[in-house]
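Shown next, in structure tokens, is the structure this report addresses.
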Amino acid sequence: FRLNWVTTNWTSATGTARDPTLAAYGVLQAEQVAKHFLAMPEADRPTAIFSSPFYSDPGGYCPEPSTLRIGEWYSPVEPGTGLHPRPGNAAFLKQYFPHIDTSYSSTWLVSRHGESTEEVQKRTDDFLEAFVLRVERGDPPQTEQHAARGLSSHKKILFLGHAASCITLIKSLAGAKVDSSDIRIGTCSVTRMDRGREGSVLGAWSVVGQLADASFLENGVERDWGFRDILVDEKTGRVVNDHGVPGSENEVDETSRGGLQLPTSKM
């Protein structure tokens, strides 16, 4: 639950444009998420956490030392209005969230020019195929605690992100088993997915239990969002453009094939 949903009088703690903190209520929700996972048997808890690099993501409030990064979605930028903001890297964000692992670099740097709905889904497909391969090869490495349990690679990954990213991740992992246009994600809700087929990535997972479950949250589902909520141009049928950050028109958009950097980096 973001501060800018409560008041228009806010300042970015990181200096990044459009990067509000969580509201006090949002911090309470994040704490409820943490308690939800800590209440699980240790063998069922996430062994690695990847979160959005925006300050308002609850990943920064989880009590795990391996909180990392996953990119957000912006609709295409309106020409001549600048670029979309790029949050700081892990080393920069560590001053706000000390448990961030700075040894892990992003698999995929999202374009600051924005994406159509089709492009963000394709980016998520490509990211997951690259990311899962990295995990299976032992990157990031297991902690001593997990290695003592005989785990050679991470088996329980937790992604923490904003609604659009969560929806495309679910669609990429589940494939035809879900319709992304019907998925709605509420703040701090959780979707569990288990892998059914080894050796493949896209469509190899299935949703276990309630999709976007919020039963562990005190007030249940709140501020839920889905792709049906986006503004669409009536003539083209495509998502409308959004304005970039003023003054960023001449900044470099550091991407390479959408940002893919293998085999030594990360999303």
Side-chain angles (χ1 to χ4, degrees), residues 1-36 49 51-63 67-100 110-115 120 159-167 184-190 212 214 216-232 239-251 253:
F1 211 96
R2 305 179 188 180
L3 185 59
N4 64 316
W5 293 343
V6 178
T7 178
T8 58
N9 184 23
W10 62 271
T11 302
S12 171
T14 62
T16 301
R18 304 172 188 170
D19 190 18
T21 63
L22 292 181
Y25 182 64
V27 174
L28 290 175
Q29 284 187 313
E31 291 173 348
Q32 290 170 34
V33 173
K35 290 179 181 178
H36 172 68
I49 300 172
S51 81
S52 163
F54 282 96
Y55 198 96
S56 60
D57 191 275
Y61 300 84
C62 284
T67 304
L68 305 169
R69 302 166 57 100
I70 183 167
E72 178 53 302
W73 175 63
Y74 284 105
S75 58
V77 74
E78 182 69 22
T81 65
L83 302 173
H84 290 308
R86 168 96 67 209
N89 59 26
F92 172 79
L93 294 171
K94 193 173 181 68
Q95 64 185 300
Y96 305 103
F97 304 108
H99 49 274
I100 287 178
V110 182
S111 171
R112 295 182 64 190
H113 287 86
E115 303 161 299
V120 66
F159 288 127
L160 291 166
H162 305 278
S165 299
C166 291
I167 291 171
R184 300 191 65 81
I185 301 295
T187 54
C188 287
S189 60
V190 173
F216 57 90
L217 295 173
E218 182 177 349
N219 294 314
V221 176
E222 296 182 273
R223 298 287 301 207
D224 57 313
W225 184 94
F227 277 109
R228 293 185 187 275
D229 296 325
I230 62 176
L231 295 176
V232 176
V239 60
V240 298
N241 293 348
D242 195 4
H243 282 204
V245 177
S248 64
E249 292 84 351
N250 296 320
E251 293 181 5
D253 183 11

[atom2] on [Y] to [atom1] on [X], rounded to 0.5 Å:
{"X": "Ile49", "Y": "Ile100", "atom1": "CD1", "atom2": "CD1", "answer": "11.0 Å"}
{"X": "Ser52", "Y": "Asp19", "atom1": "OG", "atom2": "CG", "answer": "8.0 Å"}
{"X": "Asn241", "Y": "Leu231", "atom1": "CG", "atom2": "CG", "answer": "11.5 Å"}
{"X": "Leu83", "Y": "Glu249", "atom1": "CG", "atom2": "CD", "answer": "7.5 Å"}
{"X": "Arg112", "Y": "Ser248", "atom1": "CZ", "atom2": "OG", "answer": "5.5 Å"}
{"X": "Arg2", "Y": "Thr187", "atom1": "CZ", "atom2": "OG1", "answer": "10.5 Å"}

Set of residues satisfying salt bridge (Lys or Arg N to Asp or Glu O under 4.0 Å) with respect to Arg184, sequence neighbours excluded =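 Once residues adjacent in sequence are excluded, the partners of Arg184 under the salt bridge (Lys or Arg N to Asp or Glu O under 4.0 Å) criterion are Asp224, Asp229.
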For a 4.5 angstrom cut-off between non-hydrogen side-chain atoms, does [X] reach [Y]?
{"X": "Arg18", "Y": "His84", "result": "yes"}
{"X": "Val33", "Y": "Phe216", "result": "yes"}
{"X": "Phe92", "Y": "Thr14", "result": "yes"}
{"X": "Val110", "Y": "Glu115", "result": "yes"}

Heavy-atom donor-acceptor pair, [X] side chain to [Y] backbone, under 3.5 Å:
{"X": "Thr81", "Y": "Gly244", "value": "yes"}
{"X": "Asp242", "Y": "Ser75", "value": "no"}
{"X": "Tyr25", "Y": "Val6", "value": "no"}

Heavy atoms only: give me the nearest [X]-[Y] pair and the separation to one decimal.
{"X": "Gly186", "Y": "Val221", "value": "CA-CG1, 4.4 Å"}
{"X": "Cys188", "Y": "Ala30", "value": "SG-N, 4.0 Å"}
{"X": "Leu93", "Y": "Gly88", "value": "CD1-O, 3.4 Å"}
{"X": "Val77", "Y": "Gly82", "value": "CG2-O, 3.0 Å"}
{"X": "Thr16", "Y": "Ser12", "value": "O-OG, 2.9 Å"}

Inset, instruction - Before giving the answer on side-chain contact (heavy atoms from CB on, under 4.5 Å), spell out for Tyr74 and Val120 the whole-Å C-alpha distance, their side-chain angles and the decisive distance to 0.1 Å. - result: CA-CA 9 Å; Tyr74 284 105; Val120 66; over 6 Å; no
| Quick one: are the ring centres of Trp73 and Phe227 less than 6.0 Å apart? | yes
Would you say Glu218 has more than 12 foreign heavy atoms packed within less than 6.0 Å of its CD? no
### Query
Could you walk me through whether Glu251 and Arg86 pass the salt bridge (charged side-chain N to carboxylate O under 4.0 Å, His left out) check?
CA-CA 11 Å; Glu251 293 181 5; Arg86 168 96 67 209; over 6 Å; no
Only one of Thr21, Leu22, Leu3 passes side chain to side chain contact (heavy atoms under 4.5 Å, CB included) with Val27, and that residue is Leu22
